[in-house]
Amino acid sequence: MIKVAPSILSADPANLMKDVEQVQGADYLHVDVMDGSFVPNLSFGLNTVKGLAQDCDIKLDVHLMIQNPENYVEQFAQAGASIIGVHVESTQHIARAIQLIKQAGAQAEVVVNPGTPLTELEELLPEVDQVLIMSVNPGFGGQKFLESSISKVKRLSALRQARGLEFDIEIDGGISDQNVKQVYDAGVDVAVAGSYIFNAPDYTKQVQTLKDLTK
Ligand code: DX5
Ligand code: ZN
């Protein structure tokens, strides 16, 4: 069964805690951090992560869409992030960023944009706990799933098996009941879903549907 990480980018920012309390059965809460430079949008920051970590029991999966994330990963770990994701495109020193995440006691995740080939992260695979394949161009919720991500996940999953590695594969962008089975069969362990969950009346039911479709 697939793990589900609701993305609070699509939750109601004025009632964030209320929305979060209404999602039951999720495995992680996905928190998008944007700096208006790496991606053309702004979103949550350190204070939101700190607040959520204090008030919720669920593990926080923090997706950093910021330039030079190595300058901030320690602070995000201290704020209570369980998993911290850094984009290969966002720094000259991706290996250092991953090292710093682990030193700070969090789980390390490397992220690739749709236009970035897997060769960019091959060397890092033994070092990470999770790989995030972006299935939309990052920055906004509610975009259309890019079909090319399926083949990318399949190739990554084959690489994981060939090398005997154990990282989880996560996918982010455009996930719904229409494609969750397909990405799960391709090798995805964790599905991020924003608009599919928070644009529906019953968030918990949406999470359960994604899980039921991958039983
Ligand atoms: C996009 C974010 C996603 C976003 C996904 O840059 O990284 O986490 O919230 O939203 P949906 O599921 O609506 O595509
Ligand atoms: Zn995200």
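Remember, it's 1-based here, ligands and their atoms both numbered in the order they're listed. Everything numeric here is computed off the predicted structure, so don't read it as measured data.
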If only atom types and distance count, is the side chain of [X] paired as donor or acceptor with the main-chain N or O of [Y] below 3.5 Å?
X: R96; Y: E70; answer: no
X: S7; Y: V192; answer: no
X: S10; Y: F198; answer: no
X: D129; Y: A108; answer: yes
X: D27; Y: V4; answer: yes

Proximal atoms of ligand 1 relative to [X] (non-hydrogen, under 4.0 Å):
X: H30; answer: 8 (O)
X: L9; answer: 9 (O)
X: P138; answer: 6 (O)
X: G173; answer: 14 (O)

Practice problem: May I ask you to check whether S90 and Q67 show a side-chain donor-acceptor distance below 3.5 Å? | Solution: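 S90 vs Q67: no donor-acceptor pair found between side chains.
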Close N or O approach ([X], ligand 1; < 3.5 Å):
X: G142; result: yes
X: S7; result: yes
X: H63; result: yes
X: G194; result: yes
X: V192; result: no

Which residue and heavy atom of the protein sit nearest [atom], plus the separation:
atom: atom 5 (C) of ligand 1; result: D172 OD1, 3.5 Å
atom: atom 10 (O) of ligand 1; result: G141 CA, 3.6 Å
atom: atom 14 (O) of ligand 1; result: G174 N, 2.8 Å
atom: atom 1 (C) of ligand 1; result: F140 O, 3.5 Å
atom: atom 13 (O) of ligand 1; result: S195 OG, 2.6 Å
atom: atom 6 (O) of ligand 1; result: G139 N, 2.7 Å

Step by step, work out the salt bridge (charged side-chain N to carboxylate O under 4.0 Å, His left out) result for D189 and R160. CA-CA 13 Å; D189 305 283; R160 170 171 65 177; 2.9 Å; yes
| task | Would you mind checking if K3 and E170 are paired as a salt bridge, meaning a charged N to carboxylate O distance below 4.0 Å? | result |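 Between K3 and E170 there is no salt bridge, as every charged N stays at least 4.0 Å from the carboxylate O atoms.
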Looking at every heavy atom in both D35 and V39, which two are closest together, and how far apart are they?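 In this case the closest contact between D35 and V39 is OD1-N, 3.9 Å.
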**Item:** Least distance between heavy atoms, M134 atom then P138 atom
**Value:**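 In this case the closest contact between M134 and P138 is CE-CB, 4.0 Å.
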In [X], the N, O or S atom nearest to the Zn ion (ligand 2) is which?
X: H30; answer: NE2
X: H63; answer: ND1
X: D32; answer: OD1
X: D172; answer: OD2

Which of T214, V153, I175 passes side-chain contact (heavy atoms from CB on, under 4.5 Å) with V183? It is I175
With a 4.0 Å cut-off on heavy atoms, is Y196 in contact with ligand 1? no
### Message
If hydrophobic clusters are built by linking Ile, Leu, Val, Met, Phe, Trp and Tyr wherever their side-chain heavy atoms come under 4.5 Å apart, do L64 and V112 end up in the same one?
### Response
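Same hydrophobic cluster.
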